[in-house]
Amino acid sequence: MSASFSVSHQFPLQSLNTFGIAASAQAYVRVTEREQLLGVYADANWAAVPKLVLGGGSNVLLTGDFNGLVLHIALQGRALAGETKQHYLVRAAAGENWHAFVQWTLAQGYGGLENLSLIPGTAGAAPIQNIGAYGLEIKDVFHSVTVFDPRSGETRAMDAAACRFAYRDSVFKQEGRHLIILDVTFALPKQWQPNLRYAELAQALAEQGIAAPTPQQVADTVIAIRRRKLPDPAVIGNAGSFFKNPVVTGAQCAALLAQFPTLVHHAQPDGSEKLAAGWLIDQCGWKGRNLGAAGVYPKQALVLVNNGGATGADVVALARAIQADVQARYGVLLEPEPVFI
Ligand SMILES: Cc1cc2nc3c(=O)[nH]c(=O)nc-3n(C[C@H](O)[C@H](O)[C@H](O)COP(=O)(O)OP(=O)(O)OC[C@H]3O[C@@H](n4cnc5c(N)ncnc54)[C@H](O)[C@@H]3O)c2cc1C
């Protein structure tokens, strides 16, 4: 059975992307029930129209108007979906606000997501790039997703192996780009231990004199650190980290270190090395610099910002200039993290 859906035309998207870029969608549907999605895909009038699934718009760069149909995922609901001997299985509908969901899990007494506090966006988008921060990635606490496959018209569950999570990547950014996530389930440990792998987090807790933190204390500390370091999109438009940290071979890293001894790098379990993109950008003199209405955040070189009235083209021009400088100096190509639309 398909529920009716209501289409708006020439719909403004400025408040639906955290960069705050002014653009419009030819058509727009706010999806509050699964059946509405099925209805859109079953409707011959919309079959050939390009579609864009949008959550909180915190990981997209709108490079112009979208000549198609935006499906704004606003499915709501969160619940304890079950439990195993070791885990609580906690589920969020795709349109749930991520941070509000994390806070809710903590209030219910389920620790495990606290290191990912204050990441903007929706629960449904969290698996897309395997969101990560402060020593935790979604894949570490992931159980399954329910997806709608528009090609087959089927709804099915996918486990972690099927999602093929990697650093800021998953099957949903590769050959599963057409899949629409309807809900996400996390396996949160009954025997919770704080994850203090990230040195800055451990230090911030120690400075407060907290030796054995609760999940909420970890969350509060992560929130405080993030508020200090990152611009609030409600005040300055941005999409968080604009570039992924590039991964190079051990040999490439050694060669770079010989030339640039202060290079910031982190050894990976497979012998490769992750370089700090922010450091590379900073060294090229971009921190705090502007190009048109787009700029590099003065406190964090990895974040590109809209200083007011920037177009998608302004941000792209800035990103390209940074990429060119980093490539010329270090021979490393920075890959953007947000999805260009
Ligand atoms: C200030 C700031 C800080 C940030 N910090 C972090 C961080 O620490 N770590 C991190 O990993 N990310 C971070 N981000 C990036 C961003 O918050 C995450 O990637 C978030 O998961 C995006 O969610 P969203 O709902 O806004 O997705 P959107 O921007 O709406 O969409 C992103 C992509 O996912 C697709 N998509 C969205 N919903 C669905 C769905 N239900 N089904 C299928 N596809 C879908 C879209 O089509 C698009 O391709 C930050 C962003 C900002 C602005």
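Hydrogens, waters and symmetry mates are skipped; everything else that's a heavy atom, side chains included, is used. Atoms within a ligand are numbered from 1 in the order they appear, just like the ligands themselves. Source: prediction; values computed, not measured.
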- Task: Please state whether the rings of Trp46 and His9 are parallel, tilted or perpendicular, taking 30° and 60° as the class boundaries.
- Result: parallel
- Query: Looking at Ile119, which atoms of ligand 1 are within less than 4.0 Å of one of its heavy atoms?
  - Reply: 6 (C), 7 (C), 8 (O), 9 (N), 13 (C), 17 (O)
- Message: Under 3.5 Å, is there a donor on one side chain and an acceptor on the other for Gln129 and Glu337?
- Response: yes
- Asp183 bridged to Arg34 by N-O distance under 4.0 Å: yes
- Message: For atom 30 (O) of ligand 1, what's the nearest protein heavy-atom neighbour? Residue, atom name and distance, please.
- Response: Gly55 N, 2.7 Å
- Query: Nearest protein heavy-atom contact for atom 6 (C) of ligand 1: which residue, which atom, what distance?
  - Reply: Arg226 NH2, 3.7 Å
- Task: Answer yes if Trp104 and Tyr88 sit in the same cluster of Ile, Leu, Val, Met, Phe, Trp and Tyr residues linked by side chain heavy atoms under 4.5 Å apart, and no otherwise.
- Result: yes
- Sequence-distant partners of His72, ring-ring contact (aromatic ring centres under 6.0 Å, His included), two or more places apart: Tyr28
- Provide the closest heavy-atom pair for Ala23 versus Asp65 in the form atom of the first, atom of the second, distance. CA-OD1, 3.4 Å
- Task: Would you kindly say whether Glu114 and Trp192 are connected by a side-chain donor-acceptor distance under 3.5 Å?
- Result: yes
- Query: Which of the atoms of ligand 1 are close to Val339, meaning less than 4.0 Å from one of its heavy atoms?
  - Reply: 49 (O)
- Task: Determine whether the side chains of Gln252 and Thr249 contain a donor N or O and an acceptor N or O closer than 3.5 Å.
- Result: yes
- Note on the structure: ligand 1 atoms nearer than 4.0 angstrom to some heavy atom of Ala133 are 8 (O)
- Should you measure from each heavy atom of Gly121, which atoms of ligand 1 turn up under 4.0 Å away? 23 (O), 24 (P), 25 (O), 26 (O)
- Message: Among all the protein's non-hydrogen atoms, which is closest to atom 46 (C) of ligand 1, and how far away is it?
- Response: Val53 O, 3.1 Å
- Message: Measuring from atom 48 (C) of ligand 1, which candidate in Ile181, Val60, Leu54 has the nearest non-hydrogen atom?
- Response: Val60
- Atoms of ligand 1 close to Ile131 [distance to a heavy atom under 4.0 angstrom, numbered from 1]: 10 (C), 11 (O), 18 (C), 19 (O), 21 (O)
- Out of curiosity, is Lys173 lining ligand 1, as in a heavy atom under 4.0 Å away? no
- Task: From atom 15 (C) of ligand 1, work out which of Ser58, Gly240, Gly237 has a heavy atom at the shortest distance.
- Result: Ser58
- Of all the heavy atoms in Leu179, does at least one lie under 4.0 Å from an atom in ligand 1? yes
- Task: Quick one: look up the protein heavy atom nearest atom 29 (O) of ligand 1 and list residue, atom name and how far away it is.
- Result: Asn59 N, 2.8 Å
- Are a donor atom and an acceptor atom from the side chains of Asp169 and Asn130 found within less than 3.5 Å of each other? no
- How far is atom 27 (O) of ligand 1 from its nearest protein heavy atom, and which residue and atom name does that atom have? Ala125 CB, 3.3 Å
- Under a single-linkage rule joining Ile, Leu, Val, Met, Phe, Trp and Tyr whose side-chain heavy atoms are separated by less than 4.5 Å, which residues share a cluster with Val305? Leu230, Val235, Ile236, Tyr297, Val303
- Message: Only heavy atoms of Thr122, strictly under 4.0 Å: list the atoms of ligand 1 that pass.
- Response: 23 (O), 24 (P), 25 (O)
- Here the pair of heavy atoms bringing Ala25 nearest to Val70 is CB-CG2, 3.6 Å
- Thr18 heavy atoms within 4.0 Å reach ligand 1 at atoms 53 (C)
- Task: Answer yes or no: is there a donor N or O on one side and an acceptor on the other, between the side chain of Asn195 and the main chain of Gly135, under 3.5 Å?
- Result: yes
- Can you pull out the closest protein heavy atom to atom 12 (N) of ligand 1? Residue, atom name and distance to 0.1 Å, please. Gln129 NE2, 3.1 Å
- Going by heavy-atom distance to atom 20 (C) of ligand 1, choose the closest among Pro231, Gly56, Ala94, Pro120. Pro120
- Query: To which protein heavy atom is atom 1 (C) of ligand 1 closest, and what is the distance rounded to 0.1 Å?
  - Reply: Asn238 OD1, 3.4 Å
- Query: Any idea which of Ile128, Leu52, Asn97 brings a heavy atom closest to atom 44 (N) of ligand 1?
  - Reply: Ile128
- Query: Gly132 heavy atoms, cut-off 4.0 Å: which ligand 1 atoms fall inside?
  - Reply: 7 (C), 8 (O), 9 (N), 10 (C), 11 (O)
- Protein residue, atom and distance nearest to atom 28 (P) of ligand 1, heavy-atom basis: Gly57 N, 3.5 Å
- Query: Just checking, is any N or O donor in the side chain of Gln323 or Gln327 under 3.5 Å from an acceptor N or O on the other one?
  - Reply: no
